[in-house]
Amino acid sequence: MSDLTRRTAAELAELLRTKEVSSVEVTQAHLDRMAAVDTDVHAFLHVNTDEALAAAADVDARRAAGDELAELAGVPIAVKDVVVTKGQVTTAASKILQGWVPPYDATLVTRLRAAGMPILGKTNLDEFAMGSSTEHSAYGPTRNPWDLGRIPGGSGGGSAAAVAAFEAPLAIGTDTGGSIRQPAAVTGTVGVKPTYGGVSRYGLIALASSLDQAGPVSRTVLDSALLHEVIGGHDPLDSTSLAGRATGYVDAARSGDLTGLRVGIVKELGGEGYQDGVRASFEHSVDLLRSAGAEVVEVSCPSFDYALAAYYLILPAEASSNLAKFDGMRFGLRVEPEDGPLTAERVMAATRGAGFGDEVKRRIILGTHALSAGYFDAYYGSAQKVRTLIQRDFAAAFSQADVLVSPTAPTTAFRFGEKLDDPMAMYLNDVATIPANLAGVPGLSLPSGLSDDGLPVGFQVLAPAREDVRLYRVGGVLERLLTAEWGGPILDRAPELEVAAR
Ligand code: GLN
């Protein structure tokens, strides 16, 4: 069998269904690939060799016994380390959770296990999912498989890099302001942020509860649709979970028809500040959509200009409250002050001082300030008003267009260190992705080509809440047209990674 790690999840599922390969073989192939390249890429914080192979053997046995299995049964997956996994270390890439072993599974993990999908390991991220480069991980950055001197995006750089480096056919990401879509854009992969409430948040280590959503990371639009149907749907354990089941995504990804679809280009998400090669790639994809029968219009969402500012008040405010539970008493790290009395407050201060990184501390300080009496109305209250205006802009835009499109990120992958000391420059990576989180609408990023620097560019599709099917419909068609032009998947253009001798 030719290299199993090069297959898409849909292809692997078919090979497994027809018993041409076993899940143990597929899983082992990916574990071997990890052993060969992950020293360089560092997509994984923890590898679950034994558990993954045991899960694979179990699904193989069930298939042999003639049990009815889920579509993706036997296809292995990587999970971002901000999603809790029972019995397996989960750290959110923070020192404060070093060695913490959760006593339960996130709902989405329960669903992966029920579908018979072996979990290869846990992927790297910016600490507590705060960042756009994975440089804020307490365990060292992930490197972009396209150029090991560049960032893989963030916060979910590990999940995107694992999929781009063929270490996993699929991965789970989380997206609070773009952490699924922006890493997908800069690594040449596909990432989907579902409608808020579409995938259960139960068992996600919360960053900002009103913005967080988990979703698929993959190499094709169809693969994301397949995974979305596994993890999505109502969960009584999440009070913000939407009713109903997650269906229709796979059909939409395969539908291949855009006739009569109205595509809106968001005026505010493009132009100045966007790299030339990013703009050119975006415009080419728009032309392809037009050639496929879509009607293209321009829409204006003036409040989007304030989205970044509103996000960086709302997110820190919610994060400062969510992170208050890391107090040295309940989970993970506990540091006692070197001298003086051993009071709860002093243990808490010593633990949080040692356990949190700079970016996390920056946001906690910002968030507590924005929420403090006297400043609440000026900061948090104003940001919430802007949020309402952004939702209204979306509503108006979606009355003129069925989907909205933009570049996913203003630039291609930048070099390590380039933006690390300049939080504002780092935050600007998310200008195009943040509005969707503030409004709860779904978004997808797929590769639209290479920029003039030879690095991948992401194309973002946004749809109204609960209309995730439209993302897959548009993404499926565009992907087919683009890959026909390229003569194969974009990742075939990435340089081969040096394979370590084992
Ligand atoms: N980069 C954004 C931030 O730093 C988004 C993070 C995310 O989506 N988790 O907040």
Side-chain angles (χ1 to χ4, degrees), residues 126-132 155 174-179 182 193 195-198 201 204-213 238-242 266-269 299-327 352 356 358-399 404 422-443 462 464-466:
D126 288 291
E127 184 176 1
F128 287 107
M130 296 180 187
S132 306
S155 65
T174 61
D175 191 311
T176 305
S179 286
Q182 182 259 5
K193 181 201 95 72
T195 297
Y196 183 75
R201 286 186 298 110
L204 266 53
I205 298 174
L207 171 51
S209 311
S210 76
L211 304 163
D212 297 343
Q213 254 305 278
D238 172 359
S239 61
T240 59
S241 173
L242 295 172
V266 185
K267 194 172 125 228
E268 288 76 10
L269 304 181
V299 299
S300 178
C301 297
S303 305
F304 284 16
D305 289 345
Y306 309 102
L308 199 67
Y311 173 88
Y312 277 101
L313 287 167
I314 293 168
L315 177 137
E318 292 189 23
S320 68
S321 152
N322 277 326
L323 295 178
K325 61 179 165 287
F326 300 107
D327 55 6
R352 289 165 71 87
F356 287 142
D358 289 349
E359 182 62 23
V360 175
K361 287 178 184 159
R362 179 181 296 127
R363 295 199 193 190
I364 291 173
I365 292 167
L366 207 62
T368 44
H369 183 70
L371 289 175
S372 55
Y375 291 104
F376 182 91
D377 287 339
Y379 294 128
Y380 184 75
S382 305
Q384 290 292 18
K385 286 180 190 155
V386 171
R387 190 170 187 174
T388 302
L389 295 177
I390 287 166
Q391 288 162 353
R392 286 187 194 157
D393 276 2
F394 267 116
F398 284 127
S399 71
L404 304 179
D422 184 353
M424 278 312 291
M426 189 70 90
Y427 297 169
L428 276 167
N429 285 290
D430 305 312
V431 273
T433 46
I434 278 173
N437 300 80
L438 289 171
V441 306
L462 302 170
R466 298 173 192 249

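Note that the structure is a prediction, hence the values are computed from the model and not measured. If you read the sequence from its start, that first residue is 1, and numbering goes on from there.
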For this session: Heavy atoms only: give me the nearest Leu438-Gln391 pair and the separation to one decimal.
Result: O-NE2, 3.1 Å
Exercise. Which residues pass the side chain to side chain donor-acceptor pair (under 3.5 Å) test with Thr240, sequence neighbours left out?
Worked result: Arg201, Asp238
Seminar exercise, completed: Closest non-hydrogen contact found for Pro435 with Ala307 is CG-CB, 4.0 Å
Exercise. Got a donor-acceptor contact below 3.5 angstrom from the Ser321 side chain to the Ala317 backbone?
Worked result: no
Exercise. Can you list the residues that meet the side-chain contact (heavy atoms from CB on, under 4.5 Å) rule with Asp377, with sequence neighbours excluded?
Worked result: none
For this session: Kindly compute the distance separating NZ (Lys361) from CG (Leu323), expressed to the nearest 0.5 Å.
Result: 12.5 Å
Exercise. Which atoms form the tightest heavy-atom contact between Ala206 and Asn322, and what is the distance?
Worked result: CB-ND2, 3.5 Å
Exercise. Under the side-chain contact (heavy atoms from CB on, under 4.5 Å) test, which residues partner Leu389, sequence neighbours left out?
Worked result: Ser303, Arg392
Exercise. What residues form a ring pair (Phe, Tyr, Trp, His ring centres under 6.0 Å) with Phe326, not counting sequence neighbours?
Worked result: Phe128, Phe331
Exercise. If you look at every heavy atom in Gly443 and Leu462, which pair is closest and at what distance?
Worked result: CA-CD2, 3.7 Å
Seminar exercise, completed: Ala208 meets the side-chain contact (heavy atoms from CB on, under 4.5 Å) criterion, sequence neighbours left out, with Thr176, Leu211, Asp212, Leu315, Glu318
Problem set entry | Gap separating the CG atom of Leu313 from the OH atom of Tyr375, nearest 0.5 angstrom | 13.5 Å
Exercise. Is a donor on one side and an acceptor on the other found under 3.5 Å between the side chain of Thr433 and the backbone of Gly177?
Worked result: yes
Seminar exercise, completed: Residues passing the side chain to side chain donor-acceptor pair (under 3.5 Å) test with Arg363, sequence neighbours excluded, are Glu359
Exercise. side-chain contact (heavy atoms from CB on, under 4.5 Å) with Ala397: which residues, sequence neighbours excluded?
Worked result: Val299, Cys301, Leu404
Exercise. Any idea how Phe376 and Tyr380 line up, ring-wise: parallel (<30°), tilted (30 to 60°), or perpendicular (>60°)?
Worked result: tilted
Seminar exercise, completed: Scanning both residues in full, the closest heavy-atom pair of Ala319 with Met130 reads CB-CE, 4.0 Å
Exercise. Is atom NZ of Lys325 surrounded by more than 12 heavy atoms (other residues, nucleotides or ligands) closer than 6.0 Å?
Worked result: yes
Seminar exercise, completed: When rounded to the nearest 0.5 Å, the distance separating CG of Asp422 from CG of Leu428 is 8.5 Å
For this session: Of all the heavy-atom pairs spanning Leu371 and Ser320, show the shortest one and how long it is.
Result: CD1-OG, 4.0 Å
Problem set entry | Set of residues satisfying side chain to side chain donor-acceptor pair (under 3.5 Å) with respect to Asn437, sequence neighbours excluded | Asp175, Arg181
For this session: Quick one: list whatever passes side chain to side chain donor-acceptor pair (under 3.5 Å) with Ser300, sequence neighbours left out.
Result: Glu268
Problem set entry | Test ring pair (Phe, Tyr, Trp, His ring centres under 6.0 Å) applied to Tyr306 - qualifying residues, sequence neighbours left out | none
For this session: Might you confirm whether atom CG of Asp305 has over 12 heavy atoms from other residues, nucleotides or ligands at distances under 6.0 Å?
Result: yes
Exercise. Can you tell me if Ser155 uses its side chain to pair, donor with acceptor, with the backbone of Asp126 under 3.5 Å?
Worked result: no
Exercise. Does Gln182 reach the main-chain N or O of Ser132 with its side chain, forming a donor-acceptor pair under 3.5 Å?
Worked result: yes
Problem set entry | ring pair (Phe, Tyr, Trp, His ring centres under 6.0 Å) against Phe304, all qualifying residues, sequence neighbours excluded | Phe394
